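Read through the structure below, which is laid out as structure tokens, and then see the notes.
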Amino acid sequence: MLVLFETSGGFALFKVLDEGKLSNVEDLGDEFSSAESARRMVRLIAFHKFDNTSEALEAVAKLVEGTSSKGLRKFLKNNCGDGETLAVADSNIGNIITEKLDVQCVHNNAVMELLRGVRSQLTELLSGLDDNDLAPMSLELSHILARYKLKITSDKVETMIIQVIGLLDDLDKERNTYAMRVRELYGLHFPELAKIVQDNILYAKAVKLMGNRINAANLDFSEILADEVEAELKEVAVISMGTEVTDLDLIHIRQLCDQILSLAEYRAQLNDYLKSRMNKIAPNLTALVGELVGARLISHCGSLLNLAKLPGSTIQILGAEKALYRARRMNHATPKHGLIYHAPVVSQAAPEHKGKISRSLAAKAALAIRCDAFGDGQDNTMGVETRLKLEARLRNLEGGDLGAFEEEEVYYKDKKKKADDEEEPKTEEPSKKKKTEAELETAKEPVKKSKHEGVTGLLILIFLIPLIYFVYVNQLAC
Amino acid sequence: MYIIMPSGRGGGGSGRGLARGGEGGAIRGRGRGRESGPGRVKSRESESGGIKGGSKVLVTPHRHAGVFVAKSKADALVTKNLVPGEIIYNEKRIFVQNEDRSTVEYRVWNPHRSKLADAITTGVDNIWIKPGVNVLYLGASSGYTVSHISDIVGPEGCVYAVEHSHICGKVLMNMAEKRTNVIPIIEDARHPAKYRMLVGMVDVIFSDVNQPDQSKILGLNASYFLKSGGHFMISIKANSIDSTIAAETVYQMEVEKLQMEELRPTEILHIDSCEEKHACVFGGYRLPRKQKADTAV
């Protein structure tokens, strides 16, 4: 009988030398208590080492599922003689092997004991593998297998996002510095240009095209600048008070301009890259707040998981920690928004509504983040829907009381489904408001009247009582 | 009153040469061996989180090899950090200075979070986990207890951590990336055949799965991987097995089931201090008959 034993280093096939002992299952374990007796029990006849980790992963993953890999089938075909029975650890695998390779497989208590014994003496029996070899292989294979199981793909790793956001900020700083420098450099030659062309990129392009300002009159700037600006430029170029520069200087200035332009291009590419990454990693968050703000939030916390653990109130003021702690210490009002301030929904809101909207946004963002972090998350429907709802709420806030009552009602009803307690006082208030506003017209007059009546009634009472008292007293006196 | 040596040595340095009731030669890496009354030496920098920042802390070895006790206002169970500088779950660390000015880092082990720590503080006889053993841990969860066991067994030992849940699995994997003696296995412990190529024979199985058929799970895993004469520990939550009957009855039932799987219990410990209706059963597997007399070795 042969025994198939799978290790993290490869497949091993043993031949059972003393089949008689198999019938005594209880004592089978003792046969393997020492290396020599183990060797008398089984002998290694073939070993197929995994060539690389991907082969190992494939073979083991298939075993786990209960199917056989090509490597295993080939190995068994080559080494199992006819008429041999094969002892396997798993009856599923046994069935498949019998099906595909027509080899009788067996799996019972005796087999289990055999395998136990082999496992305990594995290093002795496998002459090709050392103890030191097997352990790191196990470790590596377990990590790879676990990653395969958990589907940790490089797509979902958010460390790239954190680095890219940092890079974007760095790029911006660099670009600014270079642009300032170019203005100063060229300003020696043509100072008026700095005031005419405000935008850095256009400035760089213009300088690159011109070189020496003398050429300005002859060149066509229509691709870069607007017509009036171009006309102004050409005018001023002639009467400029800047000094002359040599060709060598111009070459260097032009190279600096090239740098600026290529940085700008790179930054645009990076932005696109960030967008696509954010959509893969956190689609709901991106739909809700945009990719820049989303990326900044993730990078602030270090990872999407960390961000997912935070409550909405923290997300609201992430990025404003300095202001927060200062306010707490000095008992002032705490900040209303941190990084969230730059989200489109908040930036579109009027100043008096920013606080409310940022609170709602933060609460919804917390949900979106958790969806992304813990869900399968490839779709952003939740984010998109929530964004629409938030924008509707913003419109309501800004519309004020003129907003249609039905809309408000629908909105609050929706909210009620999601949250329980907080909504009840809220639903009471708008209904109260509604009542008083609608009925105010009709109820004004009776209210007024009753008010009037009430007041006069009181007055009468106030005068009557002393009167009655005096009369009474007088009566007594009399 | 305590004395700090002018040379600034913390820890055991001041043990020598002081006429104060014999201390054994200062044990390396610990505060001081046996201590007599006053005269605790302040252990250097507990600043990043001693039990109370900057308090005087004394670290002594526990009866169980590989585990230590940090004594200060409140005692704490600690293990020596295998990967200095890394913490798993915001636990506090204690730093002790050696004579040769190297610091040894210990991590505090919280009994409220870890059943094994709870069992140790309740006073179990033998946990069977010591430096150099191989441990199979079923129900590893996020790896808190696994990390402490990995500290105890050290680089020569090995911990196979089996956890089925994917969310916990990710956290476990992150932890295992830092510690090379932890092998993460994201599989159902009910099917040990599925991870048979990753695991060798182990000396101890630790089971914290809280499933109604956990005795069977333990038995199956033991038949695959636990060496003869090996030991096990299983944590039993009475409500997980059967919430309608009394806890004592549940424990008895589980013990009987274990005995049917050739797992012979040697100790049943009620760990009620931190969690209600929990018990830990320690025992041996396929122990030779002769040793029946003195099982708790």
Side-chain angles (χ1 to χ4, degrees), chain A residues 4-12 26 29-30 32-33 50 56 59-61 63-66 88-94 107 109 112-113 115-123 131 134-152 156 303 305 308 373-374 376, chain B residues 89-90 134 136 140 142-143 155-188 191-203 219-230 262 285-286 288:
Chain A
L4 174 64
F5 192 87
E6 307 92 340
T7 69
S8 47
F11 300 121
E26 297 238 328
D30 299 332
F32 288 92
S33 49
F50 294 134
V60 173
L63 277 177
V64 167
E65 287 165 31
V88 287
D90 187 10
S91 41
N92 295 338
I93 261 276
H107 174 71
N109 278 344
M112 294 302 297
E113 284 299 322
L115 288 171
R116 242 182 94 82
V118 170
R119 192 187 300 275
S120 55
Q121 295 291 351
L122 193 60
T123 46
D131 197 18
L134 209 49
M137 273 196 256
S138 281
L139 185 61
E140 203 185 335
L141 188 59
S142 72
H143 275 270
I144 294 176
L145 198 60
R147 266 191 222 125
Y148 166 74
K149 262 234 134 179
L150 296 177
K151 296 191 183 61
I152 298 178
K156 286 222 151 208
S303 84
L305 261 183
F374 300 120
D376 294 323
Chain B
Y89 207 101
N90 294 325
N134 293 336
L136 174 64
S142 311
E156 292 90 36
C158 179
V159 186
Y160 301 93
V162 178
E163 169 57 42
H164 197 197
S165 133
H166 282 214
I167 299 179
C168 287
K170 282 196 188 137
V171 184
L172 185 66
M173 283 221 39
N174 281 334
M175 193 266 291
E177 261 160 39
K178 310 259 173 57
R179 285 162 184 270
T180 48
N181 63 357
V182 175
I183 297 191
I185 301 171
I186 316 292
E187 281 295 343
D188 190 353
H191 305 122
K194 292 203 172 168
Y195 43 91
R196 64 182 186 274
M197 5 3 197
L198 296 170
V199 184
M201 287 307 254
V202 296
D203 306 299
L220 194 56
N221 276 280
S223 72
Y224 268 82
F225 305 124
L226 186 56
K227 70 174 193 202
S228 300
E262 288 190 280
Y285 184 60
R286 297 196 182 182

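Note that the structure is a prediction, hence the values are computed from the model and not measured.
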Task: salt bridge (charged side-chain N to carboxylate O under 4.0 Å, His left out) evaluation trace for B:Arg286 with A:Glu113 - done: CA-CA 13 Å; B:Arg286 297 196 182 182; A:Glu113 284 299 322; 2.7 Å; yes
Task: Structural part of B:Ala161 lying under 4.5 Å from a heavy atom of chain A - done: neither
Open item on the list: Please find the pair of heavy atoms, one from A:Lys149 and one from B:Ile186, that lie closest to each other, and give the distance.
Closed with: CD-O, 3.1 Å
Task: Closest heavy-atom pair and its distance - A:Leu145, B:Leu198 - done: CD2-CD1, 3.9 Å
Open item on the list: Just to verify, what does B:Ser142 make a side-chain hydrogen bond (donor to acceptor under 3.5 Å, both in side chains) with, not counting sequence neighbours?
Closed with: none
Task: Nearest non-hydrogen partners of A:Arg116 and B:Tyr224, listed with the distance - done: CG-O, 3.9 Å
Open item on the list: Could you tell me if the side chain of A:Leu115 sits less than 4.5 Å from the side chain of B:Arg196, heavy atoms only?
Closed with: no
Open item on the list: Using 0.5 Å steps for rounding, measure from the NE2 atom of A:His143 to the CD atom of B:Glu177.
Closed with: 6.0 Å
Task: chain A contact via B:Val182 - side chain, backbone, both or neither, heavy atoms under 4.5 Å - done: backbone
TODO: May I ask you to decide if B:Lys227's main-chain N or O and A:Arg119's side chain share a donor-acceptor pair within less than 3.5 Å?
DONE: no
Task: Pairing residues for B:Tyr195 by the ring pair (Phe, Tyr, Trp, His ring centres under 6.0 Å) criterion, not counting sequence neighbours - done: B:Phe225
TODO: Calculate, to the nearest 0.5 Å, the distance between atoms CZ and CG belonging to B:Arg179 and A:Leu139 respectively.
DONE: 13.5 Å
Task: For the student: nearest non-hydrogen atoms of A:Ser138 and B:Met197, plus distance - done: OG-O, 4.5 Å
Task: Straight-line distance of A:Ser303 OG to B:Asn174 CG, nearest 0.5 Å - done: 9.0 Å
- [ ] Flag the pair B:Lys194 / A:Val64 as yes when at least one side-chain heavy-atom distance between them is below 4.5 Å, and no otherwise.
- [x] yes
Open item on the list: Quick check for you: to the nearest 0.5 Å, what is the distance between A:Phe374 atom CZ and B:Lys170 atom NZ?
Closed with: 8.5 Å
